[in-house]
Amino acid sequence: MMIEYVLVLSAYLLSIGIYGLITSRNMVRALMCLELILNAVNINFVTFSDLFDSRQLKGDVFSIFVIAIAAAEAAIGLAIVSSIHRNRKSTRINQSNLLNK
Amino acid sequence: MDLPGPIHDFLLVFLGLGLIVGGLGVVLLTNPIFSAFSLGLVLVCTSLFHIPSNSHFVAAAQLLIYVGAINVLLVFAVMFINGSEYYKDFHLFWTVGEGVTSLVCTSIFVSLITTILDTSWYGILWTTRSNQIIEQDLINNGQQIGIHLSTDFFLPFELISIILLVSLIGAIAMARQY
């Protein structure tokens, strides 16, 4: 009963993260929704690693890697957002056409 | 972790409610600072979710890195970027694109739920448990992760460290004032 509950919660986080990533007009909110998707992946990794691989725990190692990649991605993304904001005075996604001219 | 049954179930339901409310808050709240704080609620609930599945090291790492670093960085970015422009595009009615996206995401969610409920997880569990060794090892979770990181995941670990170094230098070089 435990595993279905956790997997349904993880699917909920994944789908609401995809929804927010597509519909958000603000770049920082899109980064937050990306963190939601990575969290859903982490929950799945840890749950399956505890249930099916409880001697080796390789899913935990992969979730550590996912956390490190998420930290790098947040740093790079926020640097890009602050640089765009300095040039354009706006962080709307549909108004950022810096590569256009 | 072995908790008595009603406390365990109550904890799981409470954390699930926190996840659902926080996930809705990240997407639906109009002010980005509130959605950053509700993202913090989601991250704390996820970290506490890892404790009943015996992964204490991952729970501690999640709490330190996600809540302590990434969420604080997001809150600082929201405070640093001027907040006056967020209220202008607030509208109550859904556009067509948002309706289509919510329909697609709901269908993804429903199909995932039917797949999860159709799969017999305990059959898979019995077939994998039968060819594992029964003996109980004495090393704990963090020691096992450390052994994996220093033996057979050694090359990805070094690659992750190089990626972190390069991305932090790149972030500083991009956000610098010229």
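Small disclaimer: the values here were computed from a predicted structure and weren't measured.
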Using a cut-off of under 4.5 Å on heavy-atom pairs, state which of [options] scores highest against chain A.
{"options": "B:T119, B:I147, B:L15, B:V13", "answer": "B:V13"}
{"options": "B:P156, B:S161, B:A61", "answer": "B:P156"}
{"options": "B:I20, B:T46, B:I160, B:V26", "answer": "B:I20"}
{"options": "B:L164, B:V58, B:I172, B:D9", "answer": "B:V58"}
{"options": "B:L24, B:L117, B:L43, B:L149", "answer": "B:L24"}

Can you tell me which portion of [X] sits under 4.5 Å from chain A's heavy atoms? Options are side chain, backbone, both or neither.
{"X": "B:A59", "answer": "neither"}
{"X": "B:L39", "answer": "side chain"}
{"X": "B:L159", "answer": "neither"}
{"X": "B:V42", "answer": "side chain"}
{"X": "B:L74", "answer": "both"}
{"X": "B:L12", "answer": "both"}

Taking [Y] as the starting point, is it possible to reach [X] by hopping between hydrophobic residues whose side chains are less than 4.5 Å apart?
{"X": "B:V44", "Y": "B:I33", "answer": "yes"}
{"X": "A:M32", "Y": "B:L28", "answer": "yes"}
{"X": "B:V166", "Y": "B:I70", "answer": "no"}
{"X": "B:V67", "Y": "B:M79", "answer": "yes"}
{"X": "A:V8", "Y": "A:I43", "answer": "yes"}

Whether A:F48 and B:W121 hold their rings parallel, tilted or perpendicular, with breakpoints at 30° and 60°: tilted
Side-chain (B:Y66) to main-chain (A:A71) donor-acceptor, under 3.5 angstrom: no
Main-chain N/O of B:T30 paired with A:R29 side-chain donor or acceptor, under 3.5 Å: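 Yes; judged by distance alone, with no hydrogens or angles, the pair exists.
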Atom of A:N26, atom of B:P32 and distance for their closest heavy-atom approach: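 For A:N26 versus B:P32, the nearest heavy atoms are ND2-CG, 3.4 Å.
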Where A:A79 and B:A171 come nearest, the two heavy atoms and their spacing: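 Scanning both residues completely, I find the closest heavy atoms to be CB-O, 3.6 Å.
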Under 4.5 Å heavy-atom distance to chain B, tell me which part of [X] shows up: side chain, backbone, both or neither.
{"X": "A:I64", "value": "side chain"}
{"X": "A:L21", "value": "neither"}
{"X": "A:L13", "value": "side chain"}

Check whether any side-chain heavy atom of [X] sits under 4.5 Å from a side-chain heavy atom of [Y], and report yes or no.
{"X": "A:I76", "Y": "B:M174", "result": "yes"}
{"X": "B:D152", "Y": "A:K58", "result": "yes"}
{"X": "A:E4", "Y": "B:I113", "result": "no"}
{"X": "B:F57", "Y": "A:D60", "result": "no"}
{"X": "A:Y12", "Y": "B:L112", "result": "no"}
{"X": "B:F49", "Y": "A:V46", "result": "no"}

Set of residues satisfying side chain to side chain donor-acceptor pair (under 3.5 Å) with respect to A:N42, sequence neighbours excluded: none
Distance-only side-chain donor-acceptor flag, A:E35 / B:N71, under 3.5 Å: no
Which distance, rounded to the nearest 0.5 Å, do you find between the [atom1] of [X] and the [atom2] of [Y]?
{"X": "B:H148", "Y": "A:F62", "atom1": "NE2", "atom2": "CZ", "answer": "11.0 Å"}
{"X": "B:I163", "Y": "A:I69", "atom1": "CD1", "atom2": "CD1", "answer": "4.5 Å"}
{"X": "A:L78", "Y": "B:L73", "atom1": "CG", "atom2": "CG", "answer": "5.0 Å"}
{"X": "B:I116", "Y": "A:I3", "atom1": "CD1", "atom2": "CD1", "answer": "9.0 Å"}
{"X": "B:Q62", "Y": "A:I67", "atom1": "CD", "atom2": "CD1", "answer": "5.0 Å"}
{"X": "B:L19", "Y": "A:S10", "atom1": "CG", "atom2": "OG", "answer": "9.5 Å"}

Chi angles and distances behind the ring pair (Phe, Tyr, Trp, His ring centres under 6.0 Å) call for B:F157, A:F65: CA-CA 8 Å; B:F157 185 63; A:F65 287 160; 7.0 Å; no
Taking [options] one by one, which has the highest count of heavy-atom pairs under 4.5 Å against chain B?
{"options": "A:G20, A:S15, A:S24", "value": "A:S15"}
{"options": "A:L7, A:L36, A:I80, A:N39", "value": "A:N39"}
{"options": "A:A70, A:G17, A:A40, A:S83", "value": "A:A70"}

CZ (B:F37) with more than 12 external heavy atoms under 6.0 Å: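 Atom CZ in B:F37 is not crowded, with 12 or fewer foreign heavy atoms closer than 6.0 Å.
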Stepwise side chain to side chain contact (heavy atoms under 4.5 Å, CB included) test for A:V61 and B:Q144: CA-CA 9 Å; A:V61 184; B:Q144 210 160 10; over 6 Å; no
Interface residues of residues 103-110 of chain B facing chain A - non-hydrogen atoms under 4.5 Å apart: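 When heavy atoms of chain A are the reference, residues 103-110 of chain B contributes B:C105, B:F109 within the under-4.5 Å range.
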